[in-house]
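The figures here come from the full heavy-atom set of this structure, side chains too, leaving out hydrogens, waters and symmetry mates.
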Amino acid sequence: MSQTTFLSGVESWMPHNYGLVVQVFVIVLVALIINFLLVRALNRLARRLKKTKMPWDNVLAEALVKPAGYFVWLVGLSVALNTIDLFEEMSDFLRHFQTLRDIALTALFGWFVIRLTRGIEMVHVDRGQADVTTIHAIAKLIKTAVFITLALFVLNSLGYSISGFLAFGGIGGIALGFAAKDLLANFFGGLVIYLERPFSVGDWIKSPDKEIEGYVEHIGWRSTKIRTFEKRPLYVPNSSFNQISIQNPSRMSNRRIKEIIGVRYEDAPKIRDIVSEIREMIKTHPEIDTDMVIIVNFVTFSASSCDILIYTFTKTVVWTEYHNVQQDVLLKAMDIVHKFGADIAFPTTQVHLLPEEPSESMV
């Protein structure tokens with residue numbers, strides 16, 4: 001339809017349909033007023049619900065605000081278009097409007113579910129009620145399921161057979177599995193990490209099988225990002241974690257002190273008293289976990305020293321604090337050695353010379 005034809009049609013239609021124009025105007029005005037009042041009421045309700053102890057009610061209200069506003073406009077548009085019948089050229093659009101409306105309603109519902117999921121996710125993260133990595137993983141799975149469901153519903157509304165797509169997906173999934181086996185292996189590797197939680201974001205991990213050590217910054221569906229101690233990012237495919245052993249020092253309960261103190265052989269008579277006082281010092285040290293094993297014993301005769309073993313565990317697991325505690329224990333042990341007039345041994349070599357036999361000239 002040309003612009004001239006459209007304008008002439010409107011001019012001939014207008015004088016006889018002022019009542020319909022007024023009716024459409026009233027529908028749009030009512031939709032505008034309802035949208036304004038509804039959004040304002042939901043925002044006020046969300047602010048009041050934030051003051052309650054339950055976090056879920058205000059999350060629901062906040063997730064509903066924007067979708068509810070667009071829902072009002074969609075209903076108003078539907079009523080207005082069902083009222084108008086201007087020209088025959090619009091009949092095709094009006095016939096298909098119901099399909100478009102159903103798709104829009106589905107999209108609004110999906111938007112609401114995603115907003116609600118995001119709100120619940122943030123509440124759990126802020127309150128620290130569960131592992132952050134698991135919360136994000138569950139939220140991603142819900143959002144992915146919503147997107148796939150919406151896509152299938154839209155295809156069904158447009159006249160496509162969902163059963164055909166599902167059948168094609170089953171056959172195509174086999175081919176896709178062979179073509180993208182590495183990608184799928186990484187995906188399921190990430191899923192195992194999310195479910196078993198051998199480590200989380202922020203943990204310090206290391207592998208004795210591979211040169212992997214650092215702090216976990218991000219766990220994705222394909223790879224995990226690790227920040228090494230040199231501050232370099234290291235991206236490890238998730239499938240690798242199914243084939244290697246992983247240590248998680250961040251989850252240790254204590255840190256171990258295992259040191260050997262070598263005392264000079266000439267101070268051997270004083271070892272019994274030295275060992276006894278070092279053991280008492282460790283048992284009364286405020287940073288040593290006395291519920292764990294404590295060993296202070298003379299253990300072996302070395303080449304240049306009599307070795308005393310100190311074996312104990314600190315209360316702290318923080319790396320820097322551990323070294324401070326270890327330093328304090330070793331310095332106090334050295335003071336105890338010096339207290340008894342002994343000293344720390346260092347490598348020495350003794351050479352024994354055989355006496356010379358008298359020569360004939362000396363006889």
Who else is in the cluster with [X] when I, L, V, M, F, W and Y are joined by side-chain contacts under 4.5 Å?
| X | value |
| --- | --- |
| Val299 | Ile260, Met292, Val293, Ile295, Leu309, Tyr311, Phe313 |
| Met252 | Val317 |
| Phe229 | Trp204, Tyr215 |

Contacts of type ring-ring contact (aromatic ring centres under 6.0 Å, His included), residue Tyr235, not counting sequence neighbours:
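For Tyr235 there are no ring-ring contact (aromatic ring centres under 6.0 Å, His included) partners, ignoring immediate neighbours.
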Using the side chain to side chain donor-acceptor pair (under 3.5 Å) definition, which of the options Asp328, Thr290, Thr312 pairs with His285?
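Exactly one pass, corresponding to Asp328.
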Among all residues two or more places apart in sequence or in another chain, which pass the side chain to side chain contact (heavy atoms under 4.5 Å, CB included) test with Glu280?
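Once residues adjacent in sequence are excluded, the partners of Glu280 under the side chain to side chain contact (heavy atoms under 4.5 Å, CB included) criterion are Thr284.
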Atom pair [atom1]/[atom2] of [X] and [Y] - distance to nearest 0.5 Å:
| X | Y | atom1 | atom2 | result |
| --- | --- | --- | --- | --- |
| Lys206 | Ile246 | NZ | CD1 | 11.0 Å |
| Ile219 | Ile226 | CD1 | CD1 | 9.0 Å |
| Arg255 | Glu287 | CZ | CD | 14.0 Å |

Would you call the rings of His323 and Trp319 parallel, tilted or perpendicular, where under 30° means parallel and over 60° means perpendicular?
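It falls in the perpendicular class, over 60°.
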Could you report the tightest heavy-atom contact between Lys225 and Pro233, atom names first, then the distance?
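Taking Lys225 first and Pro233 second, the nearest heavy atoms are CE-CB, 4.0 Å.
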Run the numbers on Arg264 and Glu266 for salt bridge (Lys or Arg N to Asp or Glu O under 4.0 Å), then give the verdict.
CA-CA 5 Å; Arg264 299 178 305 184; Glu266 59 191 82; 3.6 Å; yes
Of all residues at least two apart in sequence or in a different chain, which pass the side-chain hydrogen bond (donor to acceptor under 3.5 Å, both in side chains) check with Asn238?
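Applying side-chain hydrogen bond (donor to acceptor under 3.5 Å, both in side chains) to Asn238 gives Thr224.
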Polar side chain donor-acceptor pair, Asp209 to Ser245, under 3.5 angstrom
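Note: Asp209 and Ser245 side chains meet the donor-acceptor criterion.
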